[in-house]
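Each remark here refers to the structure printed beneath this line.
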Amino acid sequence: MDSTGVQGIGEMIRKVRKEKGWRLEDLADEQISIATISNIERGFAHVKPEKTHYLIQKLKIDPARLPRLMMKEQQDLKELEFELKSLQLLRDTGDAALALEHLNRLKLEASHPYAAMFHYLKGKCYLSLRKWKEAEKFFHQAIRFSHHHEHAYSKKSNIKAVSFIELGLCAFFQNDLVQAIRYTDRGWDVYEHDGERSYAWWLLHINKAVYYERLGQLAESMQVIQKAWEGVHQTEKKDIVITFYYLRSEILRRSGVYDEAVTFAIKGLELARLNGHTPLLFDLWTVLGSTYMAKEDWFKAERCFNHALRLKDRLFDDPMVECKIITAFARLGKLYTQQKKWEQAGRVIREAIATGEKYEDAPRLTYALQVMGDYYQVQGRMEEGIPYYERALALARKYNYKKRACSTLIRLPDYWRDTNREELLAYLETIS
DNA sequence: CTCAAACGCTGGGTTGCGAG
DNA sequence: CTCGCAACCCAGCGTTTGAG
């Protein structure tokens with residue numbers, strides 16, 4: 001009997017037991033203990049076949065019916081697999097609420113072979129619905145159940161690794177970047193190279209690079225990207241390759257290496273165009289525009305931002321993608337401010353702030369608020385700008401964005417005079 | 001007085017480890 | 001190598017407590 005067979009029997013035994021409403025305790029006797037029954041049902045090897053046969057007897061299962069029951073079990077499993085796959089697709093295409101509704105109708109035991117997958121999917125639905133805490137709960141469950149039944153399949157599912165990736169995202173969306181990196185590292189540790197979901201390996205790199213980049217640790221971020229650069233070109237998943245181009249360009253831009261940033265952004269755009277990947281086109285136009293802005297090439301910069309924002313309506317209804325428009329709006333606002341196009345500037349910055357508030361995206365919102373402050377300051381309307389600076393500062397302090405806090409403070413001369421100096425100096429101590 | 005967070009209990013199940 | 005004890009885990013409850 002191979003391990004798959006043992007597995008199948010275990011599930012069938014559990015099903016029959018549950019149907020009869022029996023607990024493990026009800027089946028245990030001096031011949032067989034609770035622990036052993038549990039081991040048999042979970043398909044755990046190292047149990048003598050005699051014990052399994054004894055259990056089958058005790059459940060009054062006709063041995064002649066065994067093969068048919070097993071077949072039925074397999075078939076049910078196949079059907080469930082299809083159901084889960086279709087619900088995953090439903091979520092991926094933007095209908096998380098409906099997918100969740102269907103998932104909630106299914107009842108899977110913790111020991112079910114698809115329990116990990118099931119909980120992972122539920123987590124992803126909650127993530128799409130921006131219910132971080134709920135999502136976290138289910139990803140932890142998925143991790144807990146992930147080692148069950150792994151041995152039954154030739155390939156490792158890598159559910160554990162992808163769950164850690166998603167937990168990292170949960171932390172990221174709650175503005176806890178340090179925790180996000182911690183989760184990603186754990187995903188890194190448990191990732192199995194010859195398993196399924198090989199895209200997860202690249203996702204681990206991408207996410208880690210993004211988190212470092214957000215923390216302002218550009219060298220670490222670039223290191224992650226560069227170490228995987230050669231390898232990633234082997235994958236047939238073009239969106240991942242394009243994301244690498246985008247990230248490389250973004251890190252170079254933030255490091256002040258503008259010409260190289262432009263080169264990588266344009267290469268990325270070329271790839272994204274060939275593969276028709278709209279969300280990434282948006283990112284690439286934004287980074288390219290920002291780079292041209294830094295190079296003071298206002299004409300090209302405006303072109304890029306407008307290209308980006310023209311894609312706005314074609315972005316999927318996905319909060320992770322949608323909140324990116326905050327940066328594009330804010331940068332365009334900054335551009336218009338520099339060109340003294342006040343009316344246009346005010347409009348796009350307000351839009352940036354509104355979107356930032358909608359998605360509670362603290363880092364991007366902080367930036368947008370700062371841009372709004374600058375907008376008023378350069379017009380000599382400092383008293384109108386101060387509230388925006390103060391909000392930016394409060395957010396930056398709350399989530400400990402050190403650089404952003406400093407750059408906001410520099411713009412706030414009145415703040416030094418009027419508010420609690422000592423508290424502020426103490427704060428500066430902590431970030432220096 | 002209400003309501004929700006915290007607490008503790010319980011049932012059902014899993015797991016580490018040592019004995020045979 | 002197998003098995004089972006006992007410790008452990010965890011979800012689902014009822015109860016307590018404390019803030020508004």
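Note that these values count all heavy atoms, side chains included, but never hydrogens, waters or copies made by symmetry. Lettering of chains follows the sequences in order, A, B, ..., and the numbering in each one begins at 1.
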Output the rounded distance in Å from CD1 (A:Ile37) to C1' (C:dC5). 15 Å
Which of parallel (below 30°), tilted (30 to 60°) and perpendicular (above 60°) describes A:Phe139 and A:Tyr120? tilted
Looking only at the side chain of A:Asn39 (C-beta and beyond, no hydrogens), which of the listed nucleotides B:dT15, B:dG12, C:dC3 gets closest? B:dT15
Rounded to the nearest angstrom, tell me the gap between atom CD1 in A:Ile40 and atom P in C:dC1. 18 Å
Would you say a side-chain N or O of A:Ser38 is under 4.0 Å from OP1 or OP2 of B:dG13? no
With rounding to the nearest 0.5 Å, note down the distance linking OH in A:Tyr191 to CG in A:Asn158. 5.5 Å
Show me the donor-acceptor pairs within less than 3.5 Å that the side chains of residues 203-222 of chain A make with the rest of the protein, sequence neighbours left out.
unit_1   : atom_1 : unit_2   : atom_2 : d
A:His205 : ND1    : A:Trp201 : O      : 2.7
A:Lys208 : NZ     : A:Asp185 : OD1    : 2.8
A:Glu213 : OE2    : A:Arg254 : NH1    : 2.8
A:Ser221 : OG     : A:Ala209 : O      : 2.7

To the nearest Å, give me how far apart NE2 (A:His140) and C1' (C:dC9) are. 15 Å
Whole-Å gap separating C1' (B:dG12) and CD (A:Glu25): 9 Å
For atom CD1 of A:Ile34 and atom P of B:dT14, their distance in whole Å: 11 Å
Closest nucleotide among B:dT14, C:dC3, C:dC5 to the A:Ala35 side chain: C:dC5
Phosphate oxygens OP1/OP2 of B:dG13: is one of them under 4.0 Å from a side-chain N or O of A:Lys18? yes
Give a yes/no on whether any side-chain N or O of A:Arg14 is located under 4.0 angstrom from OP1 or OP2 of B:dT14. yes
N or O in side chain of A:Arg17 less than 4.0 angstrom from B:dG13 OP1/OP2: yes
What nucleic acid atoms does A:Glu50 come within less than 4.0 Å of, heavy atoms only: base, sugar-phosphate, or nothing? nothing
Below 4.0 angstrom, N of the basic side chain to O of the carboxylate: do A:Lys85 and A:Glu81 qualify? yes
